[in-house]
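The block underneath contains the structure these notes are about, expressed in structure tokens.
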Amino acid sequence: MCLAVPGRVLSVVETDGTRMAEVDFGGVRKDVCLEYVPDATVGEYVIVHVGFAIQRLDEESAIRTLAGFARLGLLNEEFGERGTP
């Protein structure tokens, strides 16, 4: 399954002319492209689909969504055993 999952931006860098971020998904960290949400900043939550941040999300909604995904086991399916918030 390939979900759009909320995650918190931990850092932002430019790599080869592309704005990238390290994003935390409840304990799993992944590199994510910020080209569709170029003004996302450290500490904000974004929704990520197949390695691209596609939308900002408020913290309360992100945490609630991550908890729901974890409860349904969807984070484990998407990221493996560490995918629990």
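Numbers here simply count residues along the sequence, with the first being 1.
- Not a single donor-acceptor pair under 3.5 Å links the side chain of Ser61 to the backbone N or O of Leu57.
- Glu44 has a carboxylate O that lies under 4.0 Å from a charged side-chain N of Arg56, or vice versa, which qualifies the two as a salt bridge.
- Between Glu35 and Arg19, some side-chain heavy-atom pair lies under the 4.5 Å cut-off.
- Looking at Leu34 and Val12, their side chains come closer than 4.5 Å, going by heavy atoms from C-beta outward.
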Show your working on side chain to side chain contact (heavy atoms under 4.5 Å, CB included) between Ile54 and Val48 and close with a plain yes or no.
CA-CA 6 Å; Ile54 56 175; Val48 177; over 6 Å; no
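- The distance from the CG atom of Asp58 to the OG1 atom of Thr65 is 8.5 Å, given to the nearest 0.5 Å.
- For the pair Thr15 and Met20, the minimum side-chain heavy-atom distance is below 4.5 Å.
- Here the CZ atom belonging to Arg29 is positioned 9.5 Å from the CZ atom belonging to Arg8, to the nearest 0.5 angstrom.
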List the steps, then state whether side chain to side chain contact (heavy atoms under 4.5 Å, CB included) holds for Leu66 with Val5.
CA-CA 8 Å; Leu66 284 168; Val5 180; 3.9 Å; yes
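- Annotation: side chain of Val42 is not in contact with side chain of Leu10 (no heavy-atom distance under 4.5 Å).
- At a threshold of 4.5 Å between non-hydrogen side-chain atoms, the residues Pro6 and Val46 do not count as touching.
- Scanning both residues, Cys33 and Thr18, for their nearest heavy atoms gives SG-CG2, 3.7 Å.
- When side chains are defined from C-beta on, Phe25 counts as touching Val32, because their heavy atoms get closer than 4.5 Å.
- By the 4.5 Å heavy-atom criterion applied to side chains, Tyr45 and Ile63 are counted as neighbours.
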